[in-house]
Structures are given as C-alpha cells and as structure tokens.
Amino acid sequence: MNLILRILVTGLLVMAIAHFMPGVSVASFTTSVIVAIVLGLLNIFIKPILVLLTLPVTLLTFGLFLLIINALMILLCTKIVGGFAVDGLFTALLFSIILSILQSIMYSVAGDNKK
C-alpha cells in the first residue's frame, strides 16, 4: 500500500510541477502516474548502471554529475511515455531538482511508520 501511495504522490507532484513550470507538459493525471512508475523503474534498473559507468566523472565533480544523470533519466522518460514532454536538458535538470525536493518534503510530512 505504501508503494501505491508513493506513486500517486509522485504523480500529483509531476502534475503540479508541469502546471507551474514552462517547458514541461503532462497530458493527464494518468500520464503523470505512468511517468512516476517509469521514473521509478528507470531509477531502479538504468540509473545504477549509469552511475557506475560515470563514476570517475562523478568523483571529479564531487557528485554533481549525478544531477545530470537525473536529468537524463527525465529525458529518457519523455521518450518512453507519450503525453509527457520536457523541452531540454536544463529544463529536465530543474524539473528533477524540484521533484526531488518536493518528494523529500512530502515523504517526510507523511512520515514512515518504520522504526
């Protein structure tokens, strides 16, 4: 149940960010939920491989290259999910930063029952 709630919250956040941020568009709430699912799957399967392959660059930039990897995950998601569009790399970078911050806030407000 916790996973479904996280997907729905992320879907709502994607809709909210797309509404306020120029350069990002989402067709519907269903599309935003699909974006949340695809982003989760990309972060589970593809992102660790990219982090491992770009480890020297990540170390040289003190981890800031991970922001670029997050933006690339957003751009890859736009290629996979129809009805979700992000204009460019900078927009995807800003979108991923805002989404990460808002997810952290929402998940800390909701709280985890695990202790």
Side-chain angles (χ1 to χ4, degrees):
M1 190 63 161
N2 192 18
L3 178 65
I4 295 172
L5 185 62
R6 282 181 173 258
I7 290 172
L8 291 176
V9 166
T10 303
L12 284 171
L13 290 175
V14 167
M15 283 291 291
I17 296 170
H19 180 71
F20 290 111
M21 188 173 172
V24 179
S25 64
V26 178
S28 66
F29 179 70
T30 306
T31 305
S32 68
V33 171
I34 293 170
V35 166
I37 293 169
V38 170
L39 275 177
L41 291 173
L42 287 174
N43 285 334
I44 289 172
F45 295 111
I46 304 298
K47 187 177 178 181
I49 296 168
L50 284 178
V51 169
L52 188 63
L53 291 175
T54 61
L55 192 59
V57 177
T58 303
L59 291 175
L60 284 175
T61 61
F62 300 108
L64 290 177
F65 193 72
L66 292 174
L67 294 173
I68 302 298
I69 292 175
N70 286 340
L72 292 175
M73 292 295 105
I74 299 292
L75 291 175
L76 184 58
C77 187
T78 63
K79 300 293 183 194
I80 296 171
V81 179
F84 175 60
V86 177
D87 283 346
L89 183 67
F90 181 73
T91 307
L93 180 68
L94 195 58
F95 178 83
S96 70
I97 291 171
I98 294 171
L99 182 63
S100 296
I101 291 170
L102 290 177
Q103 280 179 329
S104 296
I105 292 170
M106 292 300 289
Y107 296 154
S108 67
V109 167
D112 257 342
N113 293 334
K114 299 175 186 174
K115 289 190 178 187

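One is the number of the first residue; the rest follow in order along the sequence. What's counted below: heavy atoms across the whole structure, side chains too, no hydrogens, waters or symmetry copies.
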Taking the side chain as every heavy atom from C-beta outward, state whether [X] and [Y] have any atom pair closer than 4.5 Å.
| X | Y | value |
| --- | --- | --- |
| Gln103 | Val9 | no |
| Phe65 | Leu50 | no |
| Ile80 | Leu42 | yes |
| Asn2 | Arg6 | yes |
| Ile101 | Ile105 | yes |

Cluster check [X], [Y]: I/L/V/M/F/W/Y, side chain < 4.5 angstrom:
| X | Y | value |
| --- | --- | --- |
| Phe20 | Val35 | no |
| Val57 | Leu60 | no |
| Ile74 | Ile49 | no |
| Leu76 | Leu52 | no |
| Ile44 | Leu53 | no |

Side-chain donor-acceptor pairs under 3.5 Å in residues 82-100, sequence neighbours left out?
{"unit_1": "Ser96", "atom_1": "OG", "unit_2": "Ala92", "atom_2": "O", "d": "3.4"}
{"unit_1": "Ser96", "atom_1": "OG", "unit_2": "Leu93", "atom_2": "O", "d": "2.9"}
{"unit_1": "Ser100", "atom_1": "OG", "unit_2": "Ser96", "atom_2": "O", "d": "2.9"}

How long is the span from the [atom1] atom in [X] to the [atom2] atom in [Y], to the nearest 0.5 Å?
| X | Y | atom1 | atom2 | answer |
| --- | --- | --- | --- | --- |
| Lys47 | Leu72 | NZ | CG | 11.0 Å |
| Leu59 | Leu55 | CG | CG | 4.5 Å |
| Ile34 | Leu39 | CD1 | CG | 12.0 Å |
| Ile37 | Thr10 | CD1 | OG1 | 10.0 Å |

Quick one: closest heavy-atom pair of Asn43 and Met73, and the distance? OD1-CG, 3.8 Å
On a heavy-atom basis, the closest approach of Ala36 and Gly11 is CB-N, 3.9 Å
With side-chain contact (heavy atoms from CB on, under 4.5 Å) as the criterion, how do Leu5 and Tyr107 come out once you've worked through the C-alpha distance, each side chain's angles and the decisive distance to 0.1 Å? CA-CA 10 Å; Leu5 185 62; Tyr107 296 154; over 6 Å; no
Could you check Val51 against Ile69 for side-chain contact (heavy atoms from CB on, under 4.5 Å), going step by step and ending with a plain yes or no? CA-CA 8 Å; Val51 169; Ile69 292 175; 4.1 Å; yes
What pairs with Ser28 under side chain to side chain donor-acceptor pair (under 3.5 Å), at least two apart in sequence or on another chain? Thr31
